[in-house]
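Each residue takes its place number in the sequence, starting with 1.
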Amino acid sequence: MNFFVSPFGIFALAAFLLAVLRQFVVREQQLGKQADTFQLAIQEAREREEYDTLTHCLSRTMFRPLLSGALHDAQLLHQPLSLIMLDIDHFKGFNDTYGHEAGDEVLAGFAAAIRHELPAGLPFVRWGGEEFVILCPGHDLAAAARLAEKLRLRIATLSLHAQRVTTSVGVATWQGTLDTEEALFHRVDEALYRAKEGGRNRVELAK
């Protein structure tokens, strides 16, 4: 049996196939855009995990991996490693008096001032609330103490929300292969506590 397809029928079939192809292309483009949107959302979520959105410091979740890596490098390269921990003095009273928006302004301004003074390559972490930690690879206790004092003096010049801002600072250094992450962090936290108990706006070194 012979089939005859008129020129009109061939044209209609071609138009139909072209329409199907166009729908397919549009669908693929939509899927591609959807995939791009998903990737962007994932990337933004990861960035939110890695960075504090208010101060643009590294987030607390990044501290342990960074400290572990820094200790590994310090052992491998036989180099010193220190921690600096900072606390904004009387921040709670400031927050309670002037409100959380003013408190956010102080946190952001404090972080920006510290970041401006930091040498390149030193991770700056918002530990929580008004506390911050700086990892100092290659810095022994004396070098980290000098940097801490420089940061303290810089903050003492700040006026945020028409108020003077100061910071208390603790400094500790890694004591060698038998020293642990927990012990190092405990020492810097204790040093910070002594700075606050000793009158604030000062640097204390770990014992």
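Side-chain contact between Leu151 and Val169 is absent, with no heavy-atom pair separated by less than 4.5 Å. Between Val133 and Val188 there is no side-chain heavy-atom pair separated by less than 4.5 Å. In this structure the side chain of Pro137 never reaches within 4.5 angstrom of the side chain of Gln79, judged on heavy atoms. Between Pro119 and Leu147 there is a side-chain heavy-atom pair separated by less than 4.5 Å. Between Leu67 and Leu83, some side-chain heavy-atom pair lies under the 4.5 Å cut-off. Under the 4.5 Å side-chain criterion, counting only non-hydrogen atoms from C-beta, Asp189 is in contact with Met85.
In the model, Gln163 has a side-chain atom that pairs as donor or acceptor with a side-chain atom of Tyr98 under 3.5 Å.
Arg154 contributes atom CZ, which lies 7.5 Å from atom NE2 of His116 (distance to the nearest 0.5 angstrom). The distance from the CG atom of Leu122 to the CG atom of Leu135 is 8.5 Å, given to the nearest 0.5 Å. To the nearest 0.5 Å, atom SG of residue Cys57 and atom CE of residue Met62 are 13.0 Å apart. Once rounded to the nearest 0.5 Å, the distance linking OG1 of Thr55 with CG of Asp104 reads 10.0 Å. The line from CG of Leu118 to NZ of Lys150 is 8.5 Å long, rounded to the nearest 0.5 Å. From Asp73, atom CG reaches atom CG of Leu81 across 9.0 Å, with rounding to the nearest 0.5 Å.
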With salt bridge (Lys or Arg N to Asp or Glu O under 4.0 Å) as the test, would you mind laying out the steps for Glu149 and Arg152 before giving the verdict? CA-CA 5 Å; Glu149 179 64 10; Arg152 185 195 68 79; 2.7 Å; yes

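With sequence neighbours excluded, no residue satisfies ring pair (Phe, Tyr, Trp, His ring centres under 6.0 Å) with Phe91. Applying the side-chain hydrogen bond (donor to acceptor under 3.5 Å, both in side chains) criterion to His186, with sequence neighbours excluded, gives Glu190.
Nearest heavy-atom pair, Ser168 versus Leu192, reported as atom, atom and distance to 0.1 Å: O-CD1, 3.2 Å. Taking each heavy atom of His56 and Tyr51 in turn, the nearest pair found is O-CD2, 3.8 Å. Here the closest non-hydrogen pair linking Ala183 and Thr180 is N-OG1, 3.0 Å. Here the closest heavy-atom approach between residue Ala206 and residue Ala172 is recorded as CB-CB, 3.6 Å. The heavy-atom pair separating Phe94 from Gly103 by the smallest distance is CE2-N, 4.0 Å. Here the closest heavy-atom approach between residue Leu66 and residue Pro123 is recorded as CD1-CB, 4.1 Å.
Here the options are Glu101, Glu130, His100, the test is side chain to side chain donor-acceptor pair (under 3.5 Å), and the partner is Asn95; only His100 passes. Of the options Ile155, Leu107, Ile88, Val165, a side-chain contact (heavy atoms from CB on, under 4.5 Å) to Leu160 is made by Val165 and by none of the others.
Judged by distance alone, the side chain of Arg194 and the main-chain N or O of Leu205 form a donor-acceptor pair under 3.5 Å. At least one donor-acceptor pair under 3.5 Å links the side chain of Arg187 to the backbone N or O of Thr173. Ser159 contributes no side-chain N or O that, together with a main-chain N or O of Arg164, makes up a donor-acceptor pair within less than 3.5 Å. Looking only at distances, a side-chain donor or acceptor of Asp89 sits under 3.5 Å from a matching main-chain atom of Asn201.
At a threshold of 4.5 Å between side-chain heavy atoms, the hydrophobic network of Ile, Leu, Val, Met, Phe, Trp and Tyr places Tyr193 and Leu86 in two separate groups. A single hydrophobic cluster is seen to contain both Leu184 and Leu58, as judged by linkage of ILVMFWY side chains at heavy-atom distances under 4.5 Å, directly or through other members. Hydrophobic clustering (side-chain heavy atoms under 4.5 Å, transitive across Ile, Leu, Val, Met, Phe, Trp, Tyr) groups Ile84 together with Phe124.
Using cut-offs of 30° and 60° on the angle between ring planes, the pair Phe110 and Phe132 is tilted.
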